[in-house]
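Below you'll find the structure, written out as structure tokens, and then a few comments.
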2 protein chains.
Amino acid sequence: MTSQSTEWSTSHSLFFKALANPARMSIISLLHTSQRSVTEISDELGFEQTMVSHHLRCLSFCGFVKSKRKGKNMIYALNKETIVPILKIVEKHLEKYASNLYSCDALER
Amino acid sequence: MTSQSTEWSTSHSLFFKALANPARMSIISLLHTSQRSVTEISDELGFEQTMVSHHLRCLSFCGFVKSKRKGKNMIYALNKETIVPILKIVEKHLEKYASNLYSCDALER
DNA sequence: TATACACATGACAAAAACGTCATATGACAT
DNA sequence: ATGTCATATGACGTTTTTGTCATGTGTATA
């Protein structure tokens with residue numbers, strides 16, 4: 001394995017790791033509809049505010065969401081450029097393989 | 001949060017979790033070129049055979065690769081239908097955000 | 001400038017994922 | 001039938017990831 005291919009697999013797996021968390025995906029799903037403040041996200045998902053902040057920090061830093069301040073609030077919005085086309089492909093894959101993903105023991109749960 | 005949106009985020013995060021591992025991405029990268037046996041994959045990547053088998057089991061079960069027996073060997077090939085279009089989008093995202101993904105501390109390493 | 005509200009950060013215990021070791025199964029050749 | 005090569009499986013310790021608790025920072029309003 002060359003060091004270049006190591007870099008390739010590292011960066012690509014990091015991309016997927018950022019999305020490989022149910023809480024982060026819930027947030028993305030919510031923001032897909034419309035932008036929201038941290039408190040709104042916490043309340044609507046029933047997650048602790050601090051947990052939501054942690055995940056938003058990751059999603060924001062990695063380019064999946066963008067944020068702007070509005071008074072006391074931070075408003076987070078989805079960066080649709082990447083997420084929307086990806087989700088289309090994922091959904092097509094899930095049509096066939098969702099049940100297998102659920103029972104793949106390498107991905108346990 | 002409705003139970004339906006829980007299911008949505010669960011299945012979607014499982015999809016990404018399957019790809020969120022550098023070894024599995026290395027294997028995918030290798031199979032992108034051409035199909036290979038388990039030993040060939042192990043040798044070319046410098047990974048233990050047993051590790052490669054574990055990852056191939058996951059990738060196969062989740063629909064990312066397909067396999068066929070050829071004598072004593074198992075030949076694994078990429079299911080390009082999902083992976084190829086996804087990688088195009090990922091690469092575009094990485095052009096902008098790769099360095100951030102590397103230093104996102106939620107994704108440490 | 002004090003107080004409340006909104007959000008972010010750091011640290012840490014619990015849970016999950018990874019890789020490895022030992023070993024099992026399967027296929028072919030002798 | 002037995003040996004050998006190729007691959008798969010199970011179990012387990014280590015590492016990584018996760019969510020939570022305590023607390024810090026920023027913004028507005030009185």
Side-chain angles (χ1 to χ4, degrees), chain A residues 1 6 9-10 13-27 31 35-62 65-77 101-109, chain B residues 1 6 9-10 13-27 31 35-62 65-77 101-109:
Chain A
M1 185 168 54
T6 303
S9 58
T10 303
S13 63
L14 281 173
F15 176 99
F16 293 118
K17 193 183 282 186
L19 303 175
N21 174 286
R24 287 195 287 272
M25 284 313 291
S26 301
I27 293 170
L31 296 181
Q35 58 176 29
R36 280 164 165 86
S37 73
V38 179
T39 307
E40 285 171 337
I41 297 170
S42 308
D43 289 350
E44 291 187 52
L45 294 176
F47 293 158
E48 287 211 350
Q49 173 267 315
T50 182
M51 175 184 163
V52 171
S53 276
H54 277 303
H55 286 309
L56 283 170
R57 179 184 156 87
C58 169
L59 290 172
S60 172
F61 192 64
C62 296
V65 306
K66 44 197 171 179
S67 62
K68 60 187 176 200
R69 184 168 278 283
K70 191 181 174 186
K72 283 194 284 191
N73 296 312
M74 286 295 271
I75 305 298
Y76 283 88
L101 281 156
Y102 271 104
S103 60
C104 174
D105 53 2
L107 313 175
E108 268 178 2
R109 282 176 316 129
Chain B
M1 185 170 54
T6 303
S9 59
T10 304
S13 64
L14 281 172
F15 177 98
F16 293 118
K17 194 181 284 187
L19 303 175
N21 174 285
R24 287 197 287 271
M25 284 311 292
S26 301
I27 293 171
L31 297 181
Q35 56 175 33
R36 281 164 164 84
S37 71
V38 178
T39 307
E40 285 171 338
I41 297 169
S42 309
D43 290 350
E44 291 187 53
L45 294 176
F47 293 159
E48 287 212 349
Q49 172 269 316
T50 182
M51 175 185 164
V52 171
S53 276
H54 276 303
H55 285 309
L56 283 171
R57 179 186 157 86
C58 169
L59 290 172
S60 174
F61 192 63
C62 296
V65 306
K66 43 197 172 179
S67 62
K68 60 187 175 198
R69 184 167 277 286
K70 191 179 173 187
K72 283 193 282 191
N73 296 313
M74 285 295 272
I75 305 298
Y76 284 88
L101 281 155
Y102 272 103
S103 59
C104 174
D105 53 4
L107 313 176
E108 267 177 1
R109 285 174 310 130

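Proteins come first, then strands; the chains are lettered A, B, ... in the order of their sequence lines, and each starts at number 1. Scope of the values below: all heavy atoms of this structure, side chains included, with no hydrogens, waters or symmetry mates.
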F47(B) to V52(B) - nearest heavy-atom pair and separation: CB-CG2, 3.7 Å
Measuring to OP1 and OP2 of [N], would you say a side-chain N or O of [X] lies under 4.0 angstrom away?
X	N	answer
Y76(B)	dA8(D)	yes
K17(A)	dT17(D)	yes
N21(B)	dT16(D)	no

For the pair made of [atom1] in [X] and [atom2] in [N], what is the distance, rounded to whole Å?
X	N	atom1	atom2	value
E48(A)	dA8(C)	CD	P	15 Å
N73(A)	dA8(C)	CG	C1'	14 Å
L107(A)	dA15(C)	CG	C1'	16 Å
R24(B)	dG19(C)	CZ	C1'	12 Å
R69(B)	dC28(C)	CZ	C1'	10 Å
D105(A)	dA8(D)	CG	P	14 Å
F47(B)	dG19(C)	CZ	P	8 Å
M74(B)	dA6(D)	CE	C1'	11 Å

K72(A), nearest nucleotide to its side chain (from dC28(C), dT17(D), dT27(D)): dT27(D)
What's the separation between atom [atom1] in [X] and atom [atom2] in [Y], rounded to the nearest 0.5 Å?
X	Y	atom1	atom2	value
Q49(A)	L56(A)	CD	CG	9.5 Å
L59(A)	M25(A)	CG	CE	9.0 Å
E40(A)	E44(A)	CD	CD	6.5 Å

Residue whose nearest DNA chain C nucleotide is more 5′ - G71(B) or A23(B): A23(B)
Residues within residues 49-60 of chain A bordering DNA chain D, heavy-atom distance below 4.0 Å: T50(A), M51(A), H54(A), H55(A)
Test item: N21(A) side-chain N/O and R24(A) main-chain N/O as donor-acceptor pair under 3.5 Å: yes
Flag, side chain of S60(B) to backbone of R57(B), donor-acceptor distance under 3.5 Å: no
Selection residues 65-77 of chain A - residue pairs positive for side-chain hydrogen bond (donor to acceptor under 3.5 Å, both in side chains), sequence neighbours left out: Q35(A)-K68(A)
5' priority, DNA chain D, between I75(B) and A106(B) [closest heavy atom]: I75(B)
